[in-house]
2 protein chains.
Amino acid sequence: MGLDPGKEEQNAALQKMRKRVIETIGRNMDLYGISLSTGHLYGLLYFADKPMTLDEMGSEMKMSKTSMSTGVRTLLDLKMVNKVWEKGSRKDLYEVEYDWYQTFTDFFDIKWRKSVETNILILRKSMEEINKLEKEYAEDPEMVDLLHKDKAKLRDAYAYYQWLDRLIDTFENGDIYKLVPKELPDEI
Amino acid sequence: MGLDPGKEEQNAALQKMRKRVIETIGRNMDLYGISLSTGHLYGLLYFADKPMTLDEMGSEMKMSKTSMSTGVRTLLDLKMVNKVWEKGSRKDLYEVEYDWYQTFTDFFDIKWRKSVETNILILRKSMEEINKLEKEYAEDPEMVDLLHKDKAKLRDAYAYYQWLDRLIDTFENGDIYKLVPKELPDEI
DNA sequence: TACTTTGTACAGTTTTTACTGTACGTTCTT
DNA sequence: AAGAACGTACAGTAAAAACTGTACAAAGTA
């Protein structure tokens, strides 16, 4: 893990601690839709004391470089890791985004926002169609009733997605920290 | 979908609209860690005008009852659907939780909160261990430096998880709606 | 009590996802 | 310009997840 090789043995306890935290982090990564091993990769990078190359990751994870490449890309897409430039090195270097609040925000901005937007589009379109059908079947009370029920559902869904959109806004613009401030950690 | 069978043809446009919305809902369900077909099942239940049985779901989804059973269970675990009691029927009936704000909150309470709690536990444990190691290796400056760096990382992580915990609190106790109020939907 | 009906456990199958090794285009070095 | 090092596309393989059908336990019915 980038440690002075001569100290490996001495650091057994430290390594064990790190490993446990890395696995815990990795295991929880499924919340972000990330596979276990990519989660582990993230944990590894989290504790690396310097940016790592694909080869280094591969040898630490005992996995192929190809897998590291795809794993890193997944993490890059979610902005959980950043590409780092270092003069002199031809290899690409990566390090985690250590600001987890930012990572949280990015996740919602990237994944949830996209979802919200497409859903809102579909709902608009569907609502238009219902309005059209309402005129078409105006003399069919049963059909009108059905249409009204669906309309109410779509309206509720639409309101919810707009709320979600505004919630994500507060993550992005930082208003959320007015309601839930970042605090100094309790003594642990 | 519970419609008068005699009206099937007439309702083709309505069915098409529903199907599109159902698929959109279903597709976005991966945000909740739910498979596509379970997402579709959810969408189906969303538009059902009454609670459905496993058999009804199976025939609508053209899938086995076993799959419906496991799918419903997944949704029940996330409190996305509720079991409904109806006198006279021996079959179990299910309907979606129509309050999506509640569903959103439940999701974080069930999935994220659990994650936060185990992480906090592991971090505490690891921090203790680091403190022990610090005493043990007090005369090894290099090791002390390493330990300090890890300690800082753990502390940051801890602070973040506490923040997340408080954020989820605001979902649960409704304070979030002070910052991001539920609003009447725009005209759509 | 014997007979149905209902939901799910479980084993087997299919489908999807994760992972590997090779090959190749690109970029840097000399 | 030739050669070396790097990252990734791609095809093939291994592992995991989703799905099905059967079998059975639990609970209702006659």
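Lettering follows sequence order; numbering is per chain, from 1.
Using a 4.0 Å heavy-atom cutoff across all strands shown, B:S35 reaches sugar-phosphate atoms only and no base atom.
The side chain of A:S37 has C:dC19 as its nearest neighbour among C:dC19, D:dT8, C:dA9. Comparing atom distances between the B:L54 side chain and each of C:dT8, D:dG7, D:dG21 picks out C:dT8 as nearest. Side chain of A:S67, nearest nucleotide from D:dT8, C:dC19, C:dT6: C:dC19. Checking D:dG7, D:dA9, C:dT20 against every side-chain atom of A:M63, the shortest atom distance belongs to C:dT20. With D:dC19, C:dG7, C:dT20 as the choices, the nucleotide that has an atom nearest any side-chain atom of A:S64 turns out to be C:dT20. Comparing C:dT22, D:dG7, D:dG28 against the side chain of B:R90 picks out D:dG28 as the nearest.
Atom CE of B:M61 is separated from atom P of D:dA18 by 13 Å (rounded to the nearest Å). With rounding to whole Å, A:R73 atom CZ is found 19 Å from D:dC6 atom P. Spacing between atom CG of A:L36 and atom C1' of D:dA17 amounts to 14 Å, rounded to whole angstrom units. To the nearest angstrom, C1' of D:dC6 lies 14 Å from CD of A:E56. Atom-to-atom, CE of B:M57 to C1' of C:dG7 comes out at 12 Å; the value is rounded to the nearest Å. Taking atom NZ on B:K83 and atom C1' on C:dT8, their separation rounds to 11 Å, with Å as the unit. In this structure, CD1 of B:I34 is placed 16 Å from P of D:dA17, rounded to the nearest angstrom. The interatomic distance linking B:Y94 (OH) with C:dT6 (C1') rounds to 10 Å, in whole Å.
A:M68 contributes atom CE, which lies 7.5 Å from atom OG1 of A:T38 (distance to the nearest 0.5 angstrom). The distance from the CD atom of A:E97 to the OG1 atom of A:T103 is 5.0 Å, given to the nearest 0.5 Å.
Of the candidates A:Y161, A:F108, A:W163, A:W163 is the only one forming a ring pair (Phe, Tyr, Trp, His ring centres under 6.0 Å) with B:F104.
Residue order along DNA chain C, read from the 5' end via each residue's closest nucleotide, puts A:T38 first among A:T38 and A:G88. Residue A:D92 is the one, among A:D92 and B:K62, whose nearest nucleotide of DNA chain D lies closer to the 5' end (criterion: closest heavy atom).
Contact annotation: B:S69 reaches the phosphate of C:dT8 (side-chain N/O to OP1 or OP2, under 4.0 Å). Between A:K65 and the phosphate of D:dT8, there is no side-chain N or O to OP1/OP2 separation shorter than 4.0 Å.
Linking Ile, Leu, Val, Met, Phe, Trp and Tyr whenever their side-chain heavy atoms come within less than 4.5 Å puts A:L76 and A:M63 in one cluster.
Salt-bridge formation is detected for the pair B:K151/B:E134: a Lys NZ or Arg NE/NH1/NH2 atom is positioned less than 4.0 Å from an Asp or Glu carboxylate oxygen.
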